[in-house]
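Please read the structure below before turning to the comments.
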Amino acid sequence: MTGTDVQKEAEDSGPSGYAAARLRLLNEEARSGPPRRAALAELTDDWLTGLFTAGSEGLRGVSLVAVGGYGRGELSPRSDLDLLLLHDGSDPKAVAALADRLWYPVWDLGLALDHSVRTPAEARKTSGEDLKVQLGLLDARHLAGDLGLTAGLRTAVLADWRNQAPKRLPELQELCAERAERQGELQYLLEPDLKEARGGLRDATALRAVAASWLADAPREGLADARRRLLDVRDALHLATGRATDRLALQEQDQVAAELGLLDADTLLRQVYEAARLVSYASDVTWREVGRVLRSRAVRPRLRAMLGGGKPTAERSPLAEGVVEQDGEVVLARAARPERDPVLPLRAAAAAAQAGLPLSLHAVRRMAATVRPLPTPWPAEAREQLVTLLGSGRPTIEVWEALEAEGLITRLLPDWERVRCRPQRNAVHIWTVDRHLIETAVRASEFTRRVSRPDLLLVAALLHDIGKGWPGDHSVAGEIIAKDVAARIGFDRHDVTVVATLVRHHLLLVETATRRDLEDPATVRSVAEAVGSQGTLELLHALTEADALATGPAAWSSWRGSLVADLVERVSAVLAGDVPADPEDAAPTAEQERLAIEAVATGSPVLSLRAQTEPPAGQEPSGDPEPLGVELLIAVPEQPGVLPAVAGVLAMHRLTVRTAELRSLTLPDGVDGTVLLLDWRVAAEYGSLPQAARLRADLVRALDGSLDIAGRLAERDAAYPRRRGVVAPPPRVSVHPAASRLATVIEVRSQDAPGLLFRIGRALEDASVQMRSAHVSTLGANAVDAFYVTGPEGAPLPGDEAESVARKLEETLRG
């Protein structure tokens, strides 16, 4: 039977005919999705129009209006019928009788009905008092009766909505936030509410309302398809259960998947999650834009008065090369050229996460459309920016989602596609696989002070479950993938092996600690053999805790934590023979020796700047090697204050220190004096590098005390607005008495920041210790620095004095 035949049967047969036609339509296998919803709405329109016509004979000034989902022409099998009987108030008794002739046949068929009887003035008054009523009227659609009455109400309601948008949109946003708090996020729930959860059909309707206000609009690409997919799933759920439900319960997912012709319930959930993720991201962008517009409207009159009526220019403050902050978002600088700068997406993302700001939609889309792929292996800067992004804590999630929404994550990491939106049917897990990986990185960022290689911890956190997209043991599959990814992003062979080991054994500590006898030496030896070194054990301990905390509240407890800590202590004792070599014994190069001799001869600092390069991992140098930054060599006749002076000058010139070494150099026979040699790799935060002559001149002034570095840095910090940024773990300063025979090693683990080395150097100078050498590493946003110091007589510091210096340094960095 055709759609026309179904409608004719409904018209000819009254309510029972409508019921039969409705049932036949819902059972048609050839029609589903939007065509079936539209046909069901049309069938219902015709039936209600017939009821209205029969009951309103001789009655004027009355119309029947569909509102809400029915107004949009979207009827699912068990949807409510949202109806408004609109009248001009001239004959209330006749209107009441008409209402009875409309509502009772609907109830007799067992259909859910949401109804009201109002004049246009009453409808406008109610909508002004009840936001939900107003939202329903935005989708008002005429069914029967006085078309002018319906059109007048529609026009008035839309005008009211647009006029009241500055007040009503914040109310709508608050309603959406409260609903999300109650119902959770659709894109992660195993039994989601398709309508009420965040990213569901209610949010999609809210985006339509925002667009109708003309104040802002949602990103439209893919939004209609996402909404359609959620409606299709709800249709199938209604048919499978025979109930008006929006909750996709576990026991019904296989049947719903079959109804939609999908492979299985996991495929169904993945499609639901993808649709919800798109709606959620569109909501985030839209509400951010609403806030920006409303703030702009509030501030503009004052600015215009101050500027004499001119249009204010949005302030732009630099964050990184090619990246600026504007109006509370991270945007591309005017001079940025994504087509020539493949690292720009990661640099922009890292800058946004570090500043605690969102990436603008326009910036992400421009980069997605124009940026060229990164070479393999990645440049060192790309790897560092990825680590910085992963180590930025909670802001990482929003920035990552922005990149993923435009396809940039899977272009950077193709293996991500297999875990994207992948459900985890495990009561312990509260996230999809991909979100769990990001959550683990966020948790791991809290532990970066516990490990000497925070970059390896963060990358292993990102990859530890990457094998869940493949058949078999996900740890075994993940080890293979992790090796490939770690090599591709530019780690050397040793680091690749460590990352792969962490992924392969990320469950080892917790499973051994909770299931094996720790008093059995064979148990501890087997873990030690699998881990291999103290450094890897330290990383695995932090990864284990981060993974468990990111899984859900049931996955970690103080009891589990104490068992794992006990196991780690026992394994560490087995590995205790792994004593690090003293890094002070390396012989100087010919270039370093030349600069040192010149420094003694001139009695002043000597420096050189040159591009630093390295071949791709595992390959011999060939062609044009990849620049990693600039190597800065400085030789200074030994004197107090060298480290804070050099670090302060570099900070003044906005040079970021990636690695740094300082050591005392004894000159060849026949040359008197001792020289401090500094071998650092630096990069400009943004803009070009300063000239070597200017750096040297400022260094001379810093050493003779005529340059107030602290004052200059304080002035610069005061000139820029404070951003909320990342709440980093507190700095940690520790003493390693067994790390060197000739000096006391003080290790600092802290968040990297402009002037950090200057503050450390000045604090150590104030402690009256002599510095034999310094070894500085910046790993993403984390600084891991080791300082070899002695007392005035050149011997290692006594234990209590070393601890006192460490505590004072830690207090300085926390202050």
Side-chain angles (χ1 to χ4, degrees), residues 354 605 607 609 629-630 632-636 638-664 676-686 689-690 692 694-720 722 725 728 730-733 746-779 781-789 805-815:
Q354 283 286 298
L607 61 84
L609 283 169
V630 171
L632 173 62
L633 280 175
I634 304 176
V636 186
E638 187 162 25
Q639 59 189 289
V642 171
L643 177 62
V646 174
V649 167
L650 296 182
M652 280 175 46
H653 286 276
R654 298 188 182 280
L655 292 175
T656 300
V657 178
R658 291 300 177 196
T659 62
E661 290 191 3
L662 177 151
R663 59 193 173 110
S664 179
L676 290 175
L677 182 70
L678 299 95
D679 186 352
W680 292 10
R681 181 164 67 86
V682 300
E685 289 181 23
Y686 37 82
L689 289 163
R694 187 175 174 191
L695 279 178
R696 182 180 180 280
D698 282 346
L699 181 55
V700 170
R701 292 173 58 208
L703 288 169
D704 67 21
S706 61
L707 178 61
D708 181 11
I709 293 176
R712 293 279 291 275
L713 291 177
E715 287 176 8
R716 191 183 72 187
D717 289 344
Y720 284 91
R722 286 192 175 274
R732 179 178 174 183
V733 181
I746 296 177
E747 185 181 74
V748 178
R749 300 178 183 180
S750 177
Q751 183 82 355
D752 189 32
L756 173 65
L757 268 181
F758 169 70
R759 295 174 64 201
I760 293 174
R762 194 166 64 169
L764 291 176
E765 291 286 339
D766 292 344
S768 300
V769 297
Q770 293 184 353
M771 193 174 306
R772 290 194 53 179
S773 68
H775 307 271
V776 173
S777 298
T778 304
L779 305 167
N782 295 286
V784 181
D785 308 336
F787 302 93
Y788 287 65
V789 300
V805 171
R807 296 290 70 78
K808 288 179 181 177
L809 177 55
E810 189 171 273
E811 289 170 9
T812 299
L813 296 179
R814 287 174 184 256

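- No side-chain heavy atom of R663 sits less than 4.5 Å from a side-chain heavy atom of L676.
- In this view, R732 satisfies the salt bridge (charged side-chain N to carboxylate O under 4.0 Å, His left out) rule with no residue, not counting sequence neighbours.
- Across all non-hydrogen atoms, the minimal contact from L689 to A684 is CD2-N, 4.1 Å.
- Once rounded to the nearest 0.5 Å, the distance linking CD1 of I709 with CG of L713 reads 7.0 Å.
- Across V657 and T778, no two heavy atoms sit closer than the pair O-OG1, 2.6 Å.
- Applying the salt bridge (charged side-chain N to carboxylate O under 4.0 Å, His left out) definition to pairs two or more places apart or across chains, those involving residues 747-764 are E538-R749, E747-R749.
- Annotation for A702 and A645: closest pair CB-CB, 4.0 Å, computed over non-hydrogen atoms.
- Atom-to-atom distance recorded for H653:NE2 and R694:CZ is 5.0 Å, nearest 0.5 angstrom.
- Annotation: salt bridge (charged side-chain N to carboxylate O under 4.0 Å, His left out) contacts of D698 (sequence neighbours excluded): R701.
- Rounding to the nearest 0.5 angstrom, the gap separating the CG atom in L662 from the NE2 atom in H775 is 8.5 Å.
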Output, in order, the C-alpha distance, side-chain angles, deciding distance and verdict of side-chain contact (heavy atoms from CB on, under 4.5 Å) for M652 and L707.
CA-CA 11 Å; M652 280 175 46; L707 178 61; 3.9 Å; yes
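- Between R712 and E715, none of the side-chain N atoms (NZ, or NE/NH1/NH2) sits under 4.0 Å from a carboxylate O, so this pair counts as no salt bridge.
- For the residue pair E638 and Q770, no side-chain donor N or O sits within less than 3.5 Å of a side-chain acceptor on the partner.
- A side-chain contact (heavy atoms from CB on, under 4.5 Å) with F787 holds for exactly one of V769, V748, V805; it is V748.
- The nearest pair of heavy atoms linking A728 to Q751 is CB-OE1, 3.4 Å.
- Taken from CG in L757 to CG in D785, the straight-line distance is 5.5 Å, to the nearest 0.5 Å.
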Run the side-chain contact (heavy atoms from CB on, under 4.5 Å) check on V630 and L655 step by step: do they pass?
CA-CA 10 Å; V630 171; L655 292 175; over 6 Å; no
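- If you run side-chain contact (heavy atoms from CB on, under 4.5 Å) between L678 and each of L607, L633, L632, V646, only V646 comes through.
- Remark: I746 CD1 to M771 CE distance equals 9.0 Å, nearest 0.5 Å.
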Verdict with reasoning, R814 to E811, per salt bridge (Lys or Arg N to Asp or Glu O under 4.0 Å)
CA-CA 5 Å; R814 287 174 184 256; E811 289 170 9; over 6 Å; no
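- The main-chain N or O of A783 is never found under 3.5 Å from a side-chain atom of S750 such that the two would form a donor-acceptor pair.
- Nearest heavy atom pair, residue L809 against residue A763, reads CD1-CB, 3.6 Å.
- Residues R716 and P754 approach most closely at NH2-CB, 3.6 Å, considering heavy atoms.
- W680 contributes a side-chain N or O that, together with a main-chain N or O of E661, makes up a donor-acceptor pair within less than 3.5 Å.
- To the nearest 0.5 Å, the span separating CZ on R658 from CG on L779 amounts to 9.5 Å.
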